[in-house]
Structures are given as C-alpha cells and as structure tokens.
Amino acid sequence: MKNEHITFHRGKVSRNDRFSVLGQKGVAVWMTGLSASGKSTIAVETEKILIGMGKAVYRIDGDNLRHGLNSDLGFSEKDRFENIRRAAEVCALFVDAGLIVLASFISPLASMRSLAREKTGDSFIEVYVKADVETCEKRDPKGLYKKARAGEIPDFTGVTAPYEVPRSPDLVLDTERYSIEECVRILVDKILQFSVLK
Ligand code: ADP
C-alpha cells in the first residue's frame, strides 16, 4: 500500500541528460517465449556483442532474479504476476538510467506482458522468441520438460500451464527457422535502431 505521506522527489537531471551522457537511449528488450525457446542464449550473445560495441547493457533473467529479489515467489499465477511486476519495475529503473536492458522472462500471459510494457512506456520492445512445445521439449537443456511430464514440476508453462502466443510483438525471432547467430544479428540490428540518440 502506498503511504499518503510519501511524495515523489524530483531531481534536476532529466532522463535525456542521462541518455546524452551514455550516448544512447534506454530501452527494455522484453523477451518472451517458452522455457528452452532460446531467450537466455540469445540474450547472452546479444549482450556480448553490444558491450563489444561500447553500449551500456544489462541482462536480467527470470531465474537469476528468483535467486534474490524474487526468492520468496513460486509459480502460482499470483506469484508469477508479482515476479513480472517486480521485474518490470527494475527494468523501468534501468531504462530510465539509460541502459539497454535485455529481460528474459517466460511471461506466459498477454496481461503480464502488458503490465511490463506499462511500466516502461514507449521504450519497450516486445520480442517473441518463437519455438513450439515439441521443439523446446526436444532441446530440453535443463531437463525441465522431462521432469514436468513426470509430474515433478507443477504449473509448467506449455505442459501444465498456459502460454499465450503474443499477438502483435515488435519482433519475432523464429528459432526453429533461424540459427542462434541469425537471431542475434536480427535482434542487435533492432536494438541499435531503437537506441540511437537523435
Ligand atoms: P530459455 O532461456 O528460453 O529457457 P535457453 O536459452 O536456456 O532457453 O535454451 C535454449 C536452447 O535451445 C539452448 O540449448 C540453445 O542452444 C538451443 N537453440 C537451438 N537453436 C536455437 C536458436 N536459433 N536460438 C536460440 N537457442 C537455440
């Protein structure tokens, strides 16, 4: 609950001042897709390339946040929403600071992605990392689908919990058609276009 005595203390520096210092616009690159669709793999490679180009980038990832800030949350729908709400708040702060934020969150429901977009306003790129359940299940790099099928992981997206395919994402990375390198190149191009300071 917000306390009525709390007010927002404005600074003397605008977000554009911060962007000028960094020579780039902050942007949230919100990557959604099933587990094993390729979100983290693509984010890790994209981060490396952008850092190599001298860009200020930060990567946040669902599993990593669950070790700290979100360690009290599970996978019920309520907890998943809270997970996304906190992640989106963190993302919005980093974007306001001027960073290119690569955020990898399954974010299975359209309403979760809308919530994330709302927090960041117009500096938000929704990226659908596309791979169907069969493909992800074949890849299964962490053995999670196997465990989910065996009933060891409840509420597993794509198996026992829903995934709503994004209707109008800003970018689709079809990981069944394109290699990791191709997906990364497409994403880097999109980010560079968006983050350029005019
Ligand atoms: P997520 O973060 O979405 O759970 P990961 O990145 O952890 O997914 O796992 C994706 C797996 O799929 C990795 O083992 C990766 O090597 C493999 N893979 C195969 N083709 C692609 C592709 N085109 N893009 C991304 N990952 C791919």
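Counting convention: from 1, in listed order, for ligands and their atoms alike.
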Query - Criterion side-chain contact (heavy atoms from CB on, under 4.5 Å) against Val184, the qualifying member of Val188, Leu187, Ile186 - result: Val188
Query raised in the report: Could you walk me through whether Ser20 and Asp17 pass the side-chain hydrogen bond (donor to acceptor under 3.5 Å, both in side chains) check?
Result: CA-CA 5 Å; Ser20 299; Asp17 294 331; 5.5 Å; no
**Report entry** Side-chain H-bond candidate by donor/acceptor type, Ser123 with Arg15, under 3.5 Å
**Finding:** yes
Just to confirm my output: which protein heavy-atom neighbour is closest to [atom], and how far is it?
atom                    : answer
atom 2 (O) of ligand 1  : Ser40 OG, 2.7 Å
atom 16 (O) of ligand 1 : Ile180 CD1, 3.7 Å
atom 3 (O) of ligand 1  : Lys39 NZ, 2.7 Å

Distance under 6.0 Å and angle within 45° of ring axis: [X] vs [Y]:
X      : Y      : value
Arg66  : Phe75  : yes
Lys39  : Phe105 : no
Arg113 : Tyr163 : yes

Can you name the atoms of ligand 1, numbered from 1 with element, that are less than 4.0 Å from a heavy atom of [X]?
X      : value
Ser179 : 23 (N)
Leu34  : 3 (O)
Tyr178 : 23 (N)
Thr41  : 5 (P), 6 (O), 9 (O), 10 (C), 13 (C), 15 (C)

Query raised in the report: Can a non-hydrogen atom of Ser104 be found less than 4.0 Å from any atom of ligand 1?
Result: no
Query raised in the report: Is Ala36 in polar range of ligand 1, meaning some N or O pair under 3.5 Å apart?
Result: yes
Query raised in the report: ligand 1 and Cys183, any nitrogen or oxygen pair closer than 3.5 angstrom?
Result: no
Query - Minimum heavy-atom distance Thr120-Ala28, with the two atoms named - result: CG2-CB, 3.8 Å
Query raised in the report: Is a salt bridge present between Arg85 and Glu82, judged by a nitrogen-to-oxygen distance below 4.0 Å?
Result: yes
Query raised in the report: Taking non-hydrogen atoms only, is Arg139 closer than 4.0 angstrom to ligand 1 via side chain, backbone, both or neither?
Result: side chain
Report summary line: Checking heavy atoms under 4.0 Å, the part of Pro141 that sits near ligand 1 is side chain
Requested in this report: Pick whichever of Gly38, Gly33, Ser35 has a heavy atom sitting closest to atom 26 (N) of ligand 1.
Outcome: Gly38
Requested in this report: Spell out, as yes or no, whether a donor-acceptor pair under 3.5 Å connects the side chain of Tyr145 to the backbone of Ser35.
Outcome: yes
